[in-house]
Structure formats: structure tokens, C-alpha cells
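Keep in mind the model is a prediction, meaning the values are calculated, not measured. When a ligand or atom number is given, it counts from 1 through the structure's own listing order.
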Amino acid sequence: MTVRSKLYEGKAKILYATDDPAVLLTYFKDDATAFNAQKRGSIEGKGSFNCAIASHLFKQLEASGIATHFIEQTSANEMRVQAVNIVPLEVVVRNIAAGSLCQQTGLSLGTVLHQPLVEFYYKNDALGDPLLTLDRLLLLALATAEQVTQLRAMALKINDVLKPFFLQCGITLVDFKLEFGLDQQQRLILADEISPDTCRLWNQTDDDPKQRVMDKDRFRHDLGDVALAYQQVMERVLQHTL
Ligand code: TMP
Ligand code: ASP
């Protein structure tokens, strides 16, 4: 039996080293947190649902020419990924107003944005992942101006792939959060995960603002049937390719 060394344990995933220093193993947990870990719980099966969803989405993105850290799914809850240096930014893309955008701007929930909005948040739990301005991002040297331009372009390209993909699945991609890393050649590649933990996904056949939610908002706002929603996303996602 190989003894795996744990490199890092986050709120929803564990990263392990492998025999190859360029490759890491990501284990997806059932643990769920919200509101900067003030709310904690567990969603039965979430780890395997998210691992399958993220693996499939990474494959679709790779096929569309977007470089990701994904190598292969190795078991229900595990995937092999390229080791990268994570850029300490959470890049959020929004197509429809929801969540903090509504809270901070007064836009009504469900307002369709004329063009996708890209936002940068500081990935820093101690500070509560604050929204950054470009000048603050540069001041803190979280990325260079050139990298910011590239992150924006990559985020929009990912949206251009994922939006029609989810549409095929009968799901509206409301918004989502991305993380990027620098590979050994200092190239920016997509990292972390894309799953119902990191996206807002609305069932197109349901107009009811509570019923339609197929993502972590079911857990955040105690809407019930959280695992079922994640499972349904997985089933639909796995049935489609671009
Ligand atoms: P927000 O409306 O709360 O700012 O969230 C925007 C998107 O980012 C939404 O799809 C949920 C996702 N998200 C995360 O993946 N992690 C986080 O810590 C937060 C706050 C949001
Ligand atoms: N993942 C974040 C946390 O627990 C917040 C969220 O997704 O709402 O801290």
C-alpha cells in the first residue's frame, strides 16, 4: 500500500503528493461550508458528484483549447492533476445577477447582464475573500497587469464554452468562480474545480426561485434536497459533450 502524504486540506478537498512531483492527487470530500466556513455540514455523495462533474467539465474545456490542471479521474472521489502555484485570486464570471452582486449593487435577482461580468476577489480566508479593484490587485502584486488581461480572457472563454454546454443540459449558468495556477513554464492554467459548489446553476424547466436551484445555494439557504440536486447536475452533465 502506498502511504500518501497530505500536502493540504481545504474545506472541500484534500491534496496529496504522488511519486511524481509534477502530479498531485485531489480527493473531493463530502464536507460543505458556506459564508467563509461559518456554516458547516456534509452532503452525502457530494465528493463523488463534484469529482465526476469537474472531470467531465475539464475534459470539455481541454477539448475547446483551454489549458487545465486536469489529468485523469482515478476513482469516484479522486483526480490526478498537474501541480501548479495557485494565483491567490477567485475569478468570478456572472451572466445573471445573484448573490453578492445583488446584495452589493441592488440589482434584482435574475437580472440578465448585457455582457458577462468578470470580478476578482482576493483568495484570503482571514480577510473573508474581499472583492478587489484592479489597482488593489496590482498594489498587492497578486498578479501582473498582463496576467490580469489573460485571466479575464480565459474566464470569458471558459464562460463561452460552459454556458452553451449547460444550456444543452437544461441548466442556466448564472455565475461561477474559477481559480488559476502557474505551471512549471509559468503559464496560467485553470485549476481547482468547477462544480455545483462553485457555480450557480438554475434548472431551466423550473421558474420557482427556490425549486430551480441546483447548486450550493440549496445548502447555503437551507432549501433541502442538496445531494439530490448535485446528483441531477451530475447525471445531466455526464450525458452531454460539446
Ligand atoms: P457570490 O455571489 O457569493 O459572490 O458568488 C459568486 C459565485 O462564486 C457563485 O457561483 C458561488 C461562487 N463562490 C465560490 O465558489 N466560493 C466562494 O467562496 C464564494 C463566496 C462564491
Ligand atoms: N466556500 C466558501 C466557504 O465556506 C463560501 C461559499 O461558497 O459560500 O467559506
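Numbered from 1 in the order shown, with element, the atoms of ligand 1 that lie under 4.0 Å from a heavy atom of Phe176 read 10 (O). Per-residue contacts place Ala37 under 4.0 angstrom from the following atoms of ligand 2 (heavy atoms of the residue considered): 3 (C), 4 (O), 9 (O). Below 4.0 Å from some heavy atom of Asp197 lie the following atoms of ligand 1, by number and element: 15 (O). Atoms of ligand 1 found under 4.0 Å from any heavy atom of Gly99 (numbered from 1 in listed order, with element): 2 (O). Here is the list of ligand 1 atoms found below 4.0 Å of a heavy atom in Cys199: 10 (O).
Among protein heavy atoms, the minimum distance from atom 17 (C) of ligand 1 is reached at Glu90 OE1, 4.0 Å. Scanning all protein heavy atoms for the shortest distance to atom 21 (C) of ligand 1 gives Arg220 NH2, 4.3 Å. What sits closest to atom 14 (C) of ligand 1 on the protein, heavy atoms only, is Lys177 CE, 3.7 Å. The protein non-hydrogen atom at the shortest distance from atom 7 (C) of ligand 1 is Asp175 OD1, 3.7 Å. The nearest protein atom to atom 8 (O) of ligand 2, hydrogens excluded, is given as Arg220 NE, 2.7 Å; this is a heavy-atom distance. Nearest protein heavy-atom neighbour of atom 5 (C) of ligand 2: Phe35 N, 3.7 Å. Looking only at heavy atoms of the protein, atom 3 (O) of ligand 1 is closest to Arg200 NH2, 3.7 Å. Protein heavy atom at the shortest distance from atom 4 (O) of ligand 2 is Thr33 OG1, 2.4 Å. Scanning all protein heavy atoms for the shortest distance to atom 1 (N) of ligand 2 gives Lys216 NZ, 3.3 Å.
When only modelled atom types and interatomic distance are considered, Thr149 and Glu146 share no side-chain donor-acceptor pair under 3.5 Å. In this model, no donor atom of one side chain and acceptor atom of the other lie less than 3.5 Å apart for Asn36 and Asp129.
Contact between Asp215 and ligand 1 is absent, with no heavy atom of the residue lying under 4.0 Å from the ligand. Ligand 1 is approached by Arg94 to a heavy-atom distance shorter than 4.0 Å. Within the structure, the closest approach of Glu193 to ligand 1 does not fall below 4.0 Å when heavy atoms are considered.
By the 30° and 60° cut-offs, the orientation of the rings of Phe70 relative to Phe58 is parallel.
No part of Gln104 comes within 4.0 Å of ligand 1, judged by heavy-atom distances. Of the heavy atoms in Ser100, both backbone and side-chain atoms come closer than 4.0 Å to ligand 1. Residue contacts with ligand 1, taken as heavy atom pairs separated by less than 4.0 Å, do not involve Asn36 at all. In Lys11, the part holding a heavy atom less than 4.0 Å from any atom of ligand 2 is the side chain.
Note on Lys157 versus Asp160: no salt bridge recorded, every NZ/NE/NH1/NH2 to OD/OE distance being 4.0 Å or above. Under a 4.0 Å N-O distance rule, the pair Asp192/Lys177 qualifies as a salt bridge. Ion pairing between a basic and an acidic side chain is recognised when a charged N comes within 4.0 Å of a carboxylate O; Lys11 and Asp125 show such pairing. Salt-bridge formation is detected for the pair Asp175/Arg200: a Lys NZ or Arg NE/NH1/NH2 atom is positioned less than 4.0 Å from an Asp or Glu carboxylate oxygen. The pair Arg212-Asp208 fails the salt-bridge criterion, with no side-chain N (NZ, NE, NH1 or NH2) lying under 4.0 Å from an Asp/Glu carboxylate O.
Cation-pi check for Lys13 over Tyr27 is not met; the charged atom does not lie both under 6.0 angstrom from the ring centroid and within 45 degrees of its normal.
Side-chain contact between Thr172 and Phe166 is absent, with no heavy atoms from C-beta onward closer than 4.5 Å. Inter-residue side-chain proximity for Tyr16 and Leu24 is flagged as unmet; no heavy-atom pair is nearer than 4.5 Å. Between Ile86 and Lys123, some side-chain heavy-atom pair lies under the 4.5 Å cut-off.
Backbone and side-chain nitrogen or oxygen atoms of Asp197 are examined, and none is located within less than 3.5 angstrom of a nitrogen or oxygen of ligand 2.
Surrounding CD of Gln184 are at most 12 heavy atoms belonging to other residues, nucleotides or ligands under 6.0 Å away.
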